[in-house]
Amino acid sequence: MPVDYSGTWDIVSNVNFEAYMVALGIDFATRKIASMLKPQKVIKQDGDHFTIQTFTTFRNYECIFKIGEEYQEVTKGLDNRTCQTVVNWENDKLVCVQKGEKKNRGWKHWIQGDELHLELTCADQVCKQVYKRTL
Ligand code: YOG
C-alpha cells in the first residue's frame with residue numbers, strides 16, 4: 001500500500017520560517033504577522049492527484065496537482081510569483097520543484113510515524129515544519 005497523506009494536519013513546529021520568508025522577499029510587516037500563524041493543512045490524495053490546502057487566520061493557499069505533470073503555479077497571497085511546478089514521488093516522499101525567478105525553490109513532504117513533515121526551500125534557506133493529525 002502506498003503512503004496516504006490525506007487528512008487534516010496542525011502545525012506543531014516551524015524552524016527557520018523567518019529566513020525562508022526573507023529569501024522569498026516577503027516584507028517585514030507581513031513576516032511579523034506570518035510568523036504568528038499556526039497553519040493547518042488539509043490534504044486530499046486520490047492516487048496521484050493531490051489537493052493541498054493551507055489554512056490560517058490571515059490567508060489561505062491551495063495547490064492542486066498530479067504527480068509528474070508540470071503546471072503553472074501562481075503563489076497568490078504568498079510571494080505572488082509564477083513558477084513552473086512539478087511534484088514527483090521519491091519513494092514515499094513528495095518532492096516539489098518550483099522553477100522560476102527564485103533559485104533552488106521547492107518543498108518536500110514525508111510522513112514519519114503520526115507526523116507530517118514539510119521542508120520548504122528557497123535559495124540557501126530551508127524551513128522545517130512538522131504537523132500532527134487533528135484529534
Ligand atoms: O505548501 O506552498 O504543503 O502548497 C508558505 C508561506 C502567510 C502569508 C506557506 C500565509 C511562505 C504571508 C505555503 C501562510 C511565506 C507570507 C499560509 C507553503 C509567504 C508569505 C497560507 C506551501 C505546499 C506544501 C503546498
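Both counts, for ligands and for their atoms, begin at 1 and track the order of listing. Just so you know, residue 1 is the first one in the sequence shown, and it goes up from there.
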For each nitrogen or oxygen atom of ligand 1, which protein N/O atoms lie closer than 3.5 Å, and how far apart are they, rounded to 0.1 Å?
| unit_1 | atom_1 | unit_2 | atom_2 | d |
| --- | --- | --- | --- | --- |
| ligand 1 | 1 (O) | K41 | NZ | 3.0 |
| ligand 1 | 3 (O) | K41 | NZ | 2.7 |
| ligand 1 | 3 (O) | H109 | NE2 | 2.8 |

Determine whether the side chains of [X] and [Y] contain a donor N or O and an acceptor N or O closer than 3.5 Å.
{"X": "N60", "Y": "Q53", "answer": "no"}
{"X": "S6", "Y": "K44", "answer": "no"}
{"X": "H117", "Y": "E115", "answer": "yes"}
{"X": "Q129", "Y": "Y131", "answer": "yes"}

Legend entry - Heavy-atom closest pair, residues Y5 and H109: OH-O, 3.1 Å
Inset, instruction - Please name the pair of heavy atoms, one in N88 and one in I67, separated by the smallest distance, quoted to 0.1 Å. - result: CA-CG2, 4.1 Å
